[in-house]
Amino acid sequence: MAEEKELRYDPAGIEPKWQERWAADPALYAADPTDSGKPKYYVLEMLPYPSGQLHMGHVRNYSIGDALARHMWMRGYNVLHPMGWDAFGLPAENAALKNNTPPREWTLGNIAAMKRQMQRLGLGYDWATEIATCLPDYYKWNQWFFLRMYERGLVYRKKSKVNWCPECATVLANEQVIDGRCWRHEDTLVEQRDLEQWFFRITAYAQELLDGLDKLEGWPEKVRTMQRNWIGRSEGTEVEFFLAEELNQGIGNREQGTAGRPIRVFTTRIDTIFGATSIQLAPEHALVQEMAALDSGLAKQVGELLDEQKKAREAGDVGAIEKHGVPTGHFAVNPYSGEQIPIWVANYILADYGTGAIMSVPGHDARDFEFAQKYAIPVRRVIAPAEAAAEEPELPYLSEDGVLIHSGEFDGVTCHQAQERLGQMAMEKGIGEPTVTFRLKDWGVSRQRYWGTPIPMVHCATDGIVPVPDEQLPVILPERIEITQQGGSPLGRVAEFVNVTCPKCGQPARRETDTMDTFVDSSWYFYRYTDAKNAAAAFEPAKAQHWFPIDQYIGGVEHAILHLIYSRFWTKVMRDLGLIKNDEPATRLFTQGMVIKDGAKMSKSKGNVVSPDDMIARYGADATRMYALFAAPPDRDLEWQEDGVAGVSRFLGRVYRLVMKHAGAAREAAGGRAVTAPADPSLKLLRKLHQTIAKITHDFEGRWHFNTCVAAIMELVNDMTAADVQLASGEVPAAVVRELLTTLVLLVSPFAPYLSAELWEELGGEGAVLRASWPKSDPALAKEDELEIPVQVNGRLVNVVRVPAGSANDVVQAAALADERVRSRIAGKTVAKVIVVPGKTVNLVVK
RNA sequence: GCCCGGAUGGCGAAACUGGCAGACGCAGCGGACUUAAAAUCCGCAGGCCGCAAGGCCGUGGGGGUUCAAGUCCCCCUCCGGGCACCA
């Protein structure tokens, strides 16, 4: 007899073999047609930027998504699980400068490399729907959408102060500026420049973007809160003060002769208007500019205030700016009281929020209070607590649950009533109205860079701005181009690109040379997956309608604002264009935690990067993926420990050997299982098996604690290994062995697809394991017939008693009282009370 | 300053609605197999005291509710993230 061959788990042998087979069978991971009759499930991981190398964050992200996709396939869903490339962006231009490689070549090379890595990981993507945003068949539709939005007034051009990153040599959106620094260059301060730029009117959807958050119950509360803060809705009143004519030295009555000119302020506390003791204007306010033009001393001081604001913004510390202001020498009239108050210019007033002007109420606003203290501006109390207190509350008194005092005819009115009445009055007098202000600004999308979607517009001397007609799309990004970092958009130096004829008049004209922010690309890419090869449209509405909304979207929380707010906006625009019916792109969003090493986020500068290729080479893709799911719950940060990967690899080896050893018996098993005696080891194993099925199934339905799923499978395997002799001897019938092994393989398959494919075949399973049905837990089998009940005395554990499952309380109580150790513990004392929690515990309260 | 998370063995973590704290794994220790090692298998393992039986302590700190608290309530500390003169 031949010696038993030693079984070694060899992922390097197993994995490439299956990788080849899967590559040869593109239908395996492809979605069925929309009329397949199966329920649809769209699971999506955020598409990567093709840097050239997957990092562990990607591995984690995709391992989560792939496990879910595989599970849903096995549950019988028609699963769409696509992947693509967010392929425009500055790194390609930097690489071009550095290596003298054209951005396109560099990008496509990176895509090929990363795709190989993904395939090596065994990720089940439908590569037939792959997209790369840098290719004309994709970005053509960016241009098409741009034109549709232009027609609807959702795209406009304006000159304004914009964020400029000197390192990127381009403009940034507000969302791309973090603490005054560039989102890609943490060390680079963003400058403010005046530039003519294209904007998307995202503010037109501000209210809807806000309201929609309430309905996104499948999104993390954290993300919803961040978006709410970003949108920053604020209800208040705009109201006009007036320049006091007799004191305004010519400014006030220049236009209107008698009445002073209005100064419009925005306030959320119109009820405190009788407490306003100054007006504060932003240094950039038009009236300030006008005043400064007449007063060189003031002009100089205003210039200083502007500098301070700029410095604070650049330091990323606008909130900590030391308040500083200058009186203008002019006065304003309070429209309600007729009182004259001084007009100041202050560095803490923002020009681009509200009206750039406030009424300063130091008695009831912390900032105004601080300012008034510094400059000895009067502080007046105009709100009192509703309930008269022994002492007056300290100022500034910020509560809105009070009543007005020293406010003329409004004395005694509550704050909330006063807000309504004063707002109403402003409207009647034509000096203002209740308004809503948002923090959200329009999305500046112009980039003075090369590697992006050309903006489909032409500048004509005669006709002004003229959209490129649809039939001329795509406006192709020229390929041969010299990349430099200065001197405006590189496209401006490509004559054959720039010089066009005006689509309207046919005269020579100049093509727009800015490109679109790459966040445009990722705002709608997931719709393209539903119809990726469509040459006539971005997608066929019927297809998008079938798949949308995305059932589960998975990605990093760093996109909570940028990508996730832009794509919500885009979805609403597409809905209003009649292309889709859904209001939101994704029903459920999951944000996974970061992968860290030695307590810090992996980064080249910290030298703590772990390469996925390295892990795969050493332990295999299955072990790498499974470790990424096992080491921590998916929503928490994960500390990468290589020893842990080795442990998972060892575990997979145990699974391999266990199944291989008993596969022969399992294959030959005929008929169903018959389990009788309670002492039967089969029964114990089947119980554990069905408990494990129930646990894992439940987790896939929403809890997603894949770390404990893997632990549960480990427990099951431990039990099966411990019963190795019974499995081998026939004491456990072959039919049971077969059920145990095949089910084990099915349970493992979402986490370790290569190994399970191999073992599934070994067990003689039909077709791909992915096409097998997810196992069902049999509650009768899973049920314990005996329970261990801890017995406490005065809340302290004394012993554990075994009782049949479902025992009546008095039976459990009797068992507890009969226990030797319990009896010795309560000897000589009186049992005052017995608490029996069915199936859980017994607590004896003794005195 | 405001809003979210989080803090449990040497380490990653578990404990779904209050009911045996530390499952599962890593590292460690002991054993089997081996000439030896690797691999594998079996066992031990929160801390302190004890030969043991057993006892005491223990989920960042302090108070509270409860028969019973990692879990609920109040106060505080530290760590991570987000927002921040937004009037």
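Within every chain, numbering begins at 1; the chains are lettered A, B, ... in the order of the sequence lines, protein sequences first and strands thereafter. All values reported here derive from a predicted model rather than from experimental measurement.
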So which nucleotide from [options] ends up closest to the side chain of [X]?
X: A/V800; options: B/C85, B/C20, B/C67; result: B/C20
X: A/R657; options: B/G19, B/C41, B/C16; result: B/C41
X: A/R654; options: B/A13, B/G25, B/G19; result: B/G25
X: A/S234; options: B/C16, B/A87, B/G12; result: B/A87
X: A/R636; options: B/C85, B/A14, B/A87; result: B/A14
X: A/T268; options: B/C85, B/A87, B/C16; result: B/A87
X: A/F266; options: B/G81, B/C20, B/A87; result: B/A87
X: A/R650; options: B/G25, B/U40, B/C83; result: B/U40
X: A/I835; options: B/G25, B/C67, B/G82; result: B/C67
X: A/P633; options: B/C4, B/A14, B/A87; result: B/A14

Whole-Å distance between [N] [atom2] and [X] [atom1]?
X: A/I231; N: B/C3; atom1: CD1; atom2: P; answer: 20 Å
X: A/H364; N: B/C85; atom1: NE2; atom2: C1'; answer: 19 Å
X: A/Q641; N: B/A27; atom1: CD; atom2: C1'; answer: 9 Å
X: A/Y9; N: B/A39; atom1: OH; atom2: P; answer: 17 Å
X: A/F369; N: B/G1; atom1: CZ; atom2: C1'; answer: 17 Å
X: A/E238; N: B/A87; atom1: CD; atom2: P; answer: 13 Å
X: A/W640; N: B/C26; atom1: CH2; atom2: C1'; answer: 14 Å
X: A/L398; N: B/C2; atom1: CG; atom2: C1'; answer: 13 Å

Electrostatic pair [X]-[Y], nearest N-O below 4.0 angstrom:
X: A/E642; Y: A/K597; value: no
X: A/D819; Y: A/R821; value: no
X: A/E433; Y: A/R264; value: yes

Touch class at under 4.0 angstrom, heavy-atom based, for [X] against every strand present:
X: A/N707; value: sugar-phosphate
X: A/I713; value: nothing
X: A/G232; value: nothing
X: A/R825; value: sugar-phosphate
X: A/Q280; value: nothing
X: A/D637; value: sugar-phosphate
X: A/D368; value: nothing
X: A/E715; value: sugar-phosphate
X: A/F630; value: base

Taking [M] as the reference, what is the distance to [N] when you measure between their [atom1] atoms (whole Å, please)?
N: B/C20; M: B/A84; atom1: C1'; answer: 48 Å
N: B/G18; M: B/A69; atom1: C1'; answer: 6 Å
N: B/A14; M: B/G22; atom1: C1'; answer: 7 Å
N: B/G12; M: B/A27; atom1: C1'; answer: 11 Å
N: B/U17; M: B/C11; atom1: C1'; answer: 31 Å
N: B/C24; M: B/A13; atom1: C1'; answer: 8 Å
N: B/G63; M: B/G70; atom1: P; answer: 15 Å
N: B/G55; M: B/U66; atom1: C1'; answer: 26 Å

Is [N] paired to anything, Watson-Crick or G-U wobble with both distances less than 3.5 Å, and if yes, which nucleotide?
N: B/A52; value: none
N: B/A7; value: B/U77
N: B/A36; value: none
N: B/G43; value: B/C29
N: B/C24; value: B/G12
N: B/U59; value: none
N: B/C2; value: B/G82

Checking only heavy atoms, does the side chain of A/N843 share a donor-acceptor pair with the base of B/C67 at less than 3.5 Å?
yes
Please state whether the base of B/C85 and the side chain of A/E370 form at least one donor-acceptor pair under 3.5 Å?
no
With A/D724, which of A/K661, A/R657, A/R654 fulfils salt bridge (Lys or Arg N to Asp or Glu O under 4.0 Å)?
A/K661
In terms of the angle between their ring planes, are A/H364 and A/Y397 parallel, tilted or perpendicular, with boundaries placed at 30° and 60°?
perpendicular
Relative to the ring of A/H324, is the ring of A/Y375 parallel (under 30°), tilted (30 to 60°) or perpendicular (over 60°)?
parallel
Any chance you could lay out the side-chain contact (heavy atoms from CB on, under 4.5 Å) test for A/I835 and A/V845, step after step, and finish with the verdict?
CA-CA 8 Å; A/I835 293 136; A/V845 184; 4.2 Å; yes
Sorted by position of nearest nucleotide on RNA chain B, 5' first, the leading residue of A/L638 and A/T841 is A/L638
When you check the glycosidic angle of B/G9, does it come out syn, meaning within 90° of 0, or anti?
syn
Taking A/I343's backbone N and O only, do any of them form a donor-acceptor pair with A/T328's side chain (distance below 3.5 Å, no angle check)?
yes
Under 6.0 Å from the ring centre and within 45 degrees of the ring axis: does the NZ or CZ of A/K323 meet both conditions for the six-membered ring of A/Y348?
yes
